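Note on naming: letters A, B, ... go to the chains in the order of the sequence lines (proteins, then strands), and numbering restarts at 1 for each one. Since the structure is predicted, the reported quantities are computational estimates derived from the model, not experimental observations.
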Amino acid sequence: VADRVAIREFLQALLRNIDDTEGFSDSDSLIASGRLQSIDTLEVVLFLEENYAIDFAERGFDLNELDSVDAIMTLLGN
Amino acid sequence: MNIIPQVDTYPRVVSFCQTTAGKAATLAAFAATLILNRVGPWIALTMVAAVITFFPARRRLMLSLGALYWLIFDHGWLRVDITRQIAKAEGQRTDWAFALMAGIVLVGVFCGIAAFVHHVRVQRLSFSSRRPVLVLVCGFFAVLMAAGTLPLHGLARVLVWLLISVLAPYLWFFAYALTDAASKTPERLEVQFGFIRPFWMGEFGSFVPIAKGAAYLRKVEAKTPKDFAIVQLKAVKLLMWVFVLKSLEWVFDRAMHGGTNHLLQRLFQVNNLPNLGIPTLAAAYQQTAAGGRLPLPLAWGCVTANFVEALLSLYVVGNVAVACCRMAGFHALRNTYRPFQSQTLVDFWNRYYYYFKELLVEFFFFPCYLRYFKKHPRLRLFAATISAATAGNLLYHFGRDYSNVAEVGFWKAVSRFEVQATYALFLGVSIGISQLRNRRERKAMSLPRRVFASATVILFYALLQTFDPEDRVYPLSVHVTFLWNLVQP
């Protein structure tokens, strides 16, 4: 639960940075819907690398896995 | 105030569009807006959209049939003319035997890619499965280099160039198919075909996959009848907006360079419309190459006109493709979206040609970012940006313009790219710096600062655009002289 909250807060802050203050649910797509640009996801990558020690070069990288809170939680679960 | 009514937000309209009559009305509006925008194959596009509209469950099958239709009947992007000239020069047949050979190479390439996709799905741990796009792109450029450097003659030369002319326009579509195959939930192999140069690429001759590939389209596919109706209404709305901009493009072009119009000629006997007499960029280069110099206002007018025309033209062709994609039920983002609102260089790049930027980000930026300089965050970001905006940009254009290699050989073709290389280097370094600054100073700006930032961004791209010629006729010195003359009183 703490991870989900942390990820949600991080994504909220990321959206606020680009003047997007609309709410979103855990399953809402953020990249495919255009709210986050693929280039913004490097912030998500950094966050996951630093806080969860995920090595995307090692495990492979799929933008869809960072598209929503749920997708990121699934990624962390794996 | 919206110029185009937001019909996709009207509940009654959305409900109506889910009925048979509503679907027919949406299709009629789609066809009408295609005709308004003078989209040549409007009948075929409407037919594919109609079948998908009434049988959404068969969407993937129709995508495949649509892609097959365009491959058989309207395959201008294959540039068979270049290979036919090579066959002629090599004393080979250019009649039905050539067409048969081209067909065999095409089928062979698709079978080869299908086998590669299957391999990526099954053998997940091999190097070629973990880095399939790297293998594909390196393979393509190795063949291109071999064709341009080895002393090939006769049938062998024709076959190699047929292979290149088939691979080049499909290269980045194959790249997306391979990326999808490597993902956790790949599309079935047999339906991948529909996403490889899908029907909505229609008249858009570019090699950039609009709406990327199966992985992205799966994410943005309309899941309910209501969702489908909304996305189709958005498609028609986009085509109406494209028509507004296409009209603006026409007016702007005439106002800048003059021209005639049959209707005006007939009604008012106007032979040449009043205009500012701004020369085209090609004419300006011709004059610069001959040692001449345009008066400053004309030179700046030329830069402005070139930039606005390129922008409007890209907006029109790219978003017609996006609209057709939306008619098939995919919430694809626009290819060009409010570029004048950009406040940073990277933001403009994102808004100007979205799917080209996505291609570079996906196949160049992230692979570099995820692997190199992890302990040096700023260098990491800068290197990844250079790898996308400079290296990826150059590779894409070199592969797209493969006919240069056929014409003058590999190394001379490389040297022809000096202007493009300068463009890509400036672009990469500038976006890299913009990215670093942007990460450091993300804060809300006042209106005057926003306007100033947008103006600076637009000026930068307008000037940079003068280094992005399509014809590559003049050497770098001509481009530099032209630019220098812009700031000389």
**OP:** Output all residues satisfying ring-ring contact (aromatic ring centres under 6.0 Å, His included) with B:Y176, sequence neighbours left out; order by chain, then residue number.
**Re:**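 B:Y176 satisfies ring-ring contact (aromatic ring centres under 6.0 Å, His included) with B:F363 only.
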To the nearest 0.5 Å, tell me how far [X] [atom1] sits from [Y] [atom2].
X: A:D67; Y: B:K219; atom1: CG; atom2: NZ; answer: 4.0 Å
X: B:T185; Y: A:N64; atom1: OG1; atom2: CG; answer: 7.0 Å
X: A:E49; Y: B:K374; atom1: CD; atom2: NZ; answer: 5.5 Å

**OP:** Tabulate, in ascending numerical order, the residues of residues 340-361 of chain B having at least one heavy atom closer than 4.5 Å to a heavy atom of chain A, or enter 'none'.
**Re:** B:N350, B:Y354, B:K357, B:E358, B:V361
Subject >> chain A contact residues among residues 328-338 of chain B, heavy-atom distance under 4.5 Å >> reply: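 So far as heavy atoms go, B:L333 are the residues that approach chain A to under 4.5 Å.
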Original post:
Within a radius of less than 6.0 Å around CZ of B:F460, do more than 12 heavy atoms belonging to other residues, nucleotides or ligands occur?
Top reply: yes
Original post:
What part of B:R380 lies closer than 4.5 angstrom to a heavy atom of chain A: side chain, backbone, both or neither?
Top reply: side chain
Original post:
Hey, does A:L46 have a side-chain heavy atom less than 4.5 Å from the side chain of B:Y369?
Top reply: yes
Original post:
A:A57 and B:L370: which non-hydrogen atoms are nearest, and at how many Å?
Top reply: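 In terms of heavy atoms, the two residues are closest at CB-O, 3.3 Å.
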**OP:** Evaluate the criterion side chain to side chain contact (heavy atoms under 4.5 Å, CB included) for residue pair A:L63 and B:F366; output intermediate values, then yes/no.
**Re:** CA-CA 10 Å; A:L63 269 179; B:F366 275 119; 4.2 Å; yes
Subject >> Listed once per pair and sorted, the salt bridge (charged side-chain N to carboxylate O under 4.0 Å, His left out) pairs that draw on residues 360-373 of chain B, sequence neighbours left out >> reply: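 Found B:K212-B:E362.
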